[in-house]
*Asks:* 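First, the structure itself, so that you have it in front of you.
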Number of protein chains: 2
Amino acid sequence: MGDERTWTITQLADEYGITLRTIRFYEEQGLLTPARNGAHRVFHEGDRVRLALVLRGKRLGFGLDEIKKIIGMYDAEPGEAGQLRYLLDQIAVRRAELEQRRRDIDATLAELDEVERRCRTDLDALRTDMSDPA
Amino acid sequence: MGDERTWTITQLADEYGITLRTIRFYEEQGLLTPARNGAHRVFHEGDRVRLALVLRGKRLGFGLDEIKKIIGMYDAEPGEAGQLRYLLDQIAVRRAELEQRRRDIDATLAELDEVERRCRTDLDALRTDMSDPA
DNA sequence: CCTGACGTTTACGTTAACGTAAGTACGGCT
DNA sequence: AGCCGTACTTACGTTAACGTAAACGTCAGG
């Protein structure tokens, strides 16, 4: 039932292609809170998921404190109405940011397409010159 | 014909909500190459477009040197076949990155939706408790 | 003529996100 | 007993992307 599987710090680092230092740093910043066996860190499934979320946030270009807030929203306690409204607000803000990013991505992809087309046209032209050097 | 309109550094800074320092820094890094009137910078339409591209790159979380390469692709000279193939390679790389980012964004948006649903459910529960305090 | 707005350069300061030692500790193998 | 592998903490170093201050030029308006 209760997800017995655990990981060491190097196992997680290997799995996600990051360094031990990075994981320790994330803990230092409060992004991770692994259990301890003496001095050694013990990571459970939840820690693993959180780490994945952090890395995704990074790929999205968010700063670690931003990521901390976002992740914090995932496991927010129900709390009182004020907190809930604040949370909804924050969700709206993040969503707006992400949607802006998606628009940026789409625009950039479109321009890359354009560049690629020009590129292939130029290549074709070169080939034509080669086979028809008159 | 030849786009006569020009801008001062403050005009561009105001338009894009950045500082003079930032624009000067971008020039220092070779991302912008405005003309000069004596010591004063004179920005033409092309510079303005490039600045917009830089800022979009930043919103996407790219570093300035990455952005420099990407923008460099836009105005690459036809060049020889080897260069063109390299460029096509680079385009493929960027595209893969951007598509990964879009997947990340979609996943995050989906999770935000989930959090929002839980949030609204909780709010509803609170309202029900209020109106039916038995 | 002096001030203020706008621009310039040079250069040191700052923050984020780690990198990189240095030194210590502990369990297992031979 | 000695060493290896893995992990720990502490702490200074580094890079990117500007911020910020200092000191100066120049042109229009009062």
Side-chain angles (χ1 to χ4, degrees), chain A residues 5-44 47-48 50-72 94 97 100-101 104, chain B residues 5-44 47-48 50-72 94 97 100-101 104:
Chain A
R5 177 86 193 273
T6 65
W7 289 262
T8 77
I9 188 171
T10 28
Q11 283 172 344
L12 281 190
D14 288 351
E15 177 173 356
Y16 290 107
I18 59 184
T19 68
L20 307 186
R21 174 65 173 115
T22 298
I23 294 181
R24 296 195 186 109
F25 181 70
Y26 290 167
E27 178 182 4
E28 201 178 318
Q29 301 302 307
L31 291 168
L32 300 175
T33 49
R36 296 275 178 159
N37 177 13
H40 290 50
R41 293 170 177 82
V42 178
F43 296 83
H44 295 86
D47 302 311
R48 214 168 134 268
R50 285 179 73 94
L51 179 53
L53 290 176
V54 172
L55 296 177
R56 198 175 66 195
K58 285 221 63 186
R59 283 198 303 272
L60 291 176
F62 287 104
L64 291 187
D65 49 348
E66 289 280 298
I67 294 174
K68 190 172 175 180
K69 291 179 199 165
I70 298 177
I71 293 186
R94 306 301 168 191
E97 281 183 45
Q100 171 65 47
R101 272 161 206 249
D104 287 337
Chain B
R5 176 85 192 275
T6 65
W7 288 263
T8 76
I9 188 171
T10 28
Q11 282 171 345
L12 281 190
D14 288 351
E15 177 173 355
Y16 290 108
I18 58 183
T19 68
L20 307 186
R21 174 66 172 116
T22 298
I23 294 182
R24 296 196 185 108
F25 181 70
Y26 289 167
E27 180 183 2
E28 200 178 317
Q29 301 303 306
L31 291 168
L32 300 175
T33 49
R36 295 276 177 157
N37 177 13
H40 290 51
R41 293 169 176 82
V42 179
F43 296 83
H44 294 85
D47 303 311
R48 213 168 134 266
R50 285 178 74 93
L51 178 53
L53 289 177
V54 172
L55 297 177
R56 197 175 68 195
K58 286 221 61 183
R59 284 199 302 273
L60 291 175
F62 285 105
L64 291 188
D65 49 347
E66 288 281 298
I67 294 174
K68 191 172 175 181
K69 291 180 198 163
I70 298 178
I71 292 185
R94 306 302 168 189
E97 280 183 45
Q100 171 64 46
R101 272 164 206 247
D104 287 337

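Worth saying up front: this structure is predicted, and the values here are computed from it rather than measured. Proteins get letters first, then strands, A, B, ... in listed order; numbering begins at 1 in each.
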*Asks:* Using whole Å, report how far CZ of A:F62 lies from P of C:dA16.
*Replies:*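 A:F62 atom CZ is separated from C:dA16 atom P by 17 Å.
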*Asks:* Does A:T19 make a side-chain N or O approach to OP1 or OP2 of C:dG19 shorter than 4.0 Å?
*Replies:*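 Looking at the OP1 and OP2 atoms of C:dG19, one of them is under 4.0 Å from a side-chain N or O of A:T19.
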*Asks:* Would you kindly give the NE2-to-P distance between B:H40 and D:dC24, to the nearest whole Å?
*Replies:*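 Spelled out: NE2 on B:H40 to P on D:dC24 is 17 Å.
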*Asks:* Please state whether the phosphate of D:dC18, meaning OP1 or OP2, lies under 4.0 angstrom from any side-chain nitrogen or oxygen of B:Y26.
*Replies:*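 Yes, B:Y26 has a side-chain N/O under 4.0 Å of OP1/OP2 on D:dC18.
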*Asks:* Output the rounded distance in Å from CZ (B:R24) to C1' (D:dG19).
*Replies:*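 Between C1' of D:dG19 and CZ of B:R24: 12 Å.
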*Asks:* Please state whether the phosphate of D:dC8, meaning OP1 or OP2, lies under 4.0 angstrom from any side-chain nitrogen or oxygen of A:R41.
*Replies:*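 Answer is yes, contact under 4.0 Å.
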*Asks:* Name the residue closer to the 5' end of DNA chain D, choosing between B:D65 and A:E27 according to the nucleotide with the nearest heavy atom.
*Replies:*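 Final value for this comparison: A:E27.
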*Asks:* Closer than 3.5 angstrom, by distance alone: can the side chain of B:R48 be matched with the main-chain N or O of B:F43 as a donor-acceptor pair?
*Replies:*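 A pair under 3.5 Å: no.
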*Asks:* Any chance you could measure A:D104, atom CG, to B:K58, atom NZ, to the nearest 0.5 Å?
*Replies:*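 That separation rounds to 13.0 Å.
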*Asks:* How many Å lie between CD1 on B:I9 and C1' on C:dG7, as a whole number?
*Replies:*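 Going from CD1 in B:I9 over to C1' in C:dG7 covers 8 Å.
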*Asks:* Any side-chain N or O of B:K58 under 4.0 Å from OP1/OP2 of D:dC18?
*Replies:*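 Yes, because at least one side-chain N or O of B:K58 sits under 4.0 Å from OP1 or OP2 of D:dC18.
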*Asks:* Give the rounded distance in Å between these two atoms: OH of A:Y16 and C1' of C:dC18.
*Replies:*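 Interatomic distance, OH of A:Y16 to C1' of C:dC18: 20 Å.
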*Asks:* Could you tell me whether A:L20 contacts a base, only the sugar-phosphate backbone, or nothing, with contacts defined as non-hydrogen atoms closer than 4.0 Å?
*Replies:*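 Contact class for A:L20: none.
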*Asks:* Indicate whether OP1 or OP2 belonging to C:dA17 is found under 4.0 Å from a side-chain N or O atom of A:T22.
*Replies:*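 So the side-chain polar atoms of A:T22 never come under 4.0 Å of the phosphate oxygens OP1 or OP2 of C:dA17.
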*Asks:* Using heavy-atom distances to pick each residue's nearest nucleotide on DNA chain C, tell me which of A:F25 and B:A39 is more 5'.
*Replies:*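 So the residue in question is B:A39.
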*Asks:* Starting at CZ of A:R21 and ending at P of C:dA21, how long is that distance when rounded to a whole Å?
*Replies:*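 Answer to the nearest Å: 13 Å.
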*Asks:* Could you tell me whether the phosphate oxygens of C:dT9, OP1 or OP2, come under 4.0 Å of any side-chain nitrogen or oxygen in B:R36?
*Replies:*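 Affirmative; the distance criterion is met.
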